[in-house]
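To start, the structure under review is shown below, and the notes come after it.
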Amino acid sequence: MTVVELDGVIAAVSDALGRTISLVRQLAGGQHATTLVVTDSTTEYVVRVFPPMDDAVAHEPHILDRVAPLGDRVPRLVATGQFGDRPFLVTSVVAGGPPSPDVPLRRVAEQMAAALAQIHQLDNVGLRALSWETPHGDSEIETRGRTAWQQLDLSEHVLTHYDFWCGNALWKSDMLTGVVDWSGARSAPRGLDVSWCRLDLVLLGSSDAADHFLAEYERESGYSLPDIHSWDLVAAARSASRVETWAPNYLGVGYSDLTESTLRARMDDWTARLCAG
């Protein structure tokens with residue numbers, strides 16, 4: 001976002017809040033929205049500016065109401081508005097920051113599992129439904145993922161975050177303090193979130209942590225996922241061809257070692273393991 005565009009956003013947010021605000025900093029990580037921290041001199045807020053015609057501003061406020069029982073772990077809606085053709089959301093600041101690469105991945109897995117079990121207990125009635133497409137492509141993982149998708153039981157739905165990875169969690173030391181970016185949340189099977197977080201842990205460098213996450217999630221939630229292998233196949237099939245594009249996301253939350261080549265190598269190892277299984 002250019003300096004001129006930033007100035008325009010700040011002016012639009014000031015109008016939406018009815019008071020003058022100024023930019024504190026722009027946050028890195030994520031490619032969907034531009035995320036800013038702003039202040040009115042007494043309170044800081046988070047502003048997320050979305051692409052033109054994005055439906056997040058229409059959808060996320062309703063989701064934030066649903067996840068409000070999570071308390072200070074989730075943002076509170078402050079205002080919505082428009083900068084040109086780009087919608088924006090203003091929310092409260094959730095305490096914490098990106099996870100430190102020094103936190104053991106088993107600890108990350110435990111904290112993510114406990115948070116996800118709580119999320120999946122929330123009311124999902126009336127939310128948008130699952131919209132994942134059948135995996136396409138001709139690679140082995142895409143073919144296996146397509147078959148797995150057709151065989152999955154998709155009847156049981158919960159409130160899913162829909163992009164549950166470490167970059168959408170906030171941390172203080174080794175404690176998870178918040179979960180953000182709820183624009184994609186909807187009613188979907190729990191295996192969607194579980195497999196996506198497992199893939200994230202694999203890309204961070206530990207399939208053992210991914211297995212530990214699954215065990216902890218099943219313990220915390222009281223639900224078993226006997227079809228997790230099929231969900232893992234689908235998650236990998238949907239992302240194997242584009243995993244290199246995630247390098248800026250990981251860099252933005254502090255994982256500078258996750259280069260395009262590292263992500264590709266770890267994805268290839270994971271897909272080979274899944275296909276062999």
Side-chain angles (χ1 to χ4, degrees), residues 1-65 67 72 74-101 128 131 161-171 177-186 200 239 242-260 263:
M1 184 173 286
T2 67
V3 173
V4 172
E5 289 173 327
L6 281 174
D7 288 344
V9 169
I10 295 303
V13 174
S14 296
D15 288 343
L17 294 182
R19 53 192 179 275
T20 300
I21 62 102
S22 59
L23 178 67
V24 177
R25 62 188 179 276
Q26 182 170 340
L27 300 181
Q31 299 174 353
H32 178 208
T34 298
T35 304
L36 313 172
V37 178
V38 303
T39 183
D40 62 4
S41 297
T42 59
T43 304
E44 289 190 347
Y45 305 96
V46 172
V47 178
R48 289 162 58 227
V49 187
F50 296 91
M53 308 302 293
D54 195 283
D55 66 352
V57 171
H59 178 60
E60 187 163 343
H62 179 47
I63 293 296
L64 293 181
D65 285 342
V67 301
D72 291 341
V74 295
R76 175 179 53 82
L77 180 68
V78 176
T80 64
Q82 195 90 8
F83 166 61
D85 59 357
R86 301 182 65 180
F88 63 80
L89 284 166
V90 184
T91 65
S92 60
V93 174
V94 178
S100 169
R128 294 188 300 178
S131 64
H161 181 277
Y162 224 65
D163 190 16
F164 193 72
W165 70 293
C166 68
N168 281 331
L170 298 175
W171 303 77
T177 57
V179 179
V180 296
D181 193 1
W182 291 92
S183 60
R186 62 192 67 215
D200 176 45
S239 52
R242 57 191 175 98
V243 70
E244 290 92 344
T245 68
W246 295 352
N249 296 354
Y250 283 108
L251 178 62
V253 295
Y255 288 96
S256 58
D257 60 321
L258 290 187
T259 61
E260 292 182 7
L263 289 171

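Sequence positions, counted from 1, serve as the residue numbers for this chain.
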Donor-acceptor check, side chain of Arg19 to backbone of Leu17, threshold 3.5 angstrom: yes or no? yes
Do you know which two heavy atoms are closest between Asn168 and Asp163, and how far apart they sit? ND2-O, 2.9 Å
Residues Asp54, Arg48: salt bridge by 4.0 Å N-O rule: no
Non-hydrogen atoms of Trp171 and Pro98 that approach each other most closely: CD1-C, 4.0 Å
Check Arg186 against Arg128 and note the closest heavy-atom contact, atom names and distance. CB-O, 2.9 Å
Ignoring hydrogens, what is the shortest heavy-atom contact between Pro75 and Val179? Give both atom names and the distance. CD-O, 3.7 Å
Which heavy atom of Leu258 sits nearest a heavy atom of Leu263, and at what distance? O-CD1, 4.0 Å
Quickly, which of Trp182, Phe50, Tyr45 forms a side-chain contact (heavy atoms from CB on, under 4.5 Å) with Leu89? Name it, please. Phe50
Walk me through it: do Gln26 and Leu6 pass the test side-chain contact (heavy atoms from CB on, under 4.5 Å)? CA-CA 10 Å; Gln26 182 170 340; Leu6 281 174; 4.2 Å; yes
I'd like to check Thr34 versus Arg86 (side-chain heavy atoms, cut-off strictly below 4.5 Å). Are they in contact? yes
How many angstroms lie between CG in Leu23 and CG in Asp7, if you round to the nearest 0.5 Å? 9.0 Å
Donor-acceptor check, side chain of Glu60 to backbone of Ser183, threshold 3.5 angstrom: yes or no? yes
Checking side-chain contact (heavy atoms from CB on, under 4.5 Å) for the pair Thr39/Ser22: CA distance, chi angles, key distance, verdict? CA-CA 5 Å; Thr39 183; Ser22 59; 3.5 Å; yes
Ile21 and Ile10: side-chain contact (heavy atoms from CB on, under 4.5 Å), yes or no, with the steps? CA-CA 7 Å; Ile21 62 102; Ile10 295 303; 3.6 Å; yes
Are Trp165 and Tyr250 an aromatic pair, judged by ring center distance below 6.0 Å? yes
In this structure, are over 12 heavy atoms from other groups packed under 6.0 Å from Asp55 atom CG? yes
Would you check if the side chain of His161 reaches a backbone N or O of Val180 as a donor-acceptor pair within less than 3.5 Å? yes
Can you tell me if Thr35 uses its side chain to pair, donor with acceptor, with the backbone of Leu27 under 3.5 Å? no
Are any side-chain N or O atoms of Asp200 and backbone N or O atoms of Cys166, one a donor and one an acceptor, separated by less than 3.5 Å? yes
Could you report the tightest heavy-atom contact between Thr80 and Pro61, atom names first, then the distance? CG2-CG, 4.3 Å
Side chains of Tyr162 and Asp181: any donor to acceptor distance under 3.5 Å? no
Nearest 0.5 Å, what's the CG-CG distance between Leu170 and Asp72? 12.0 Å
At what distance, to the nearest 0.5 angstrom, does CG of Leu36 lie from CZ of Phe88? 10.5 Å
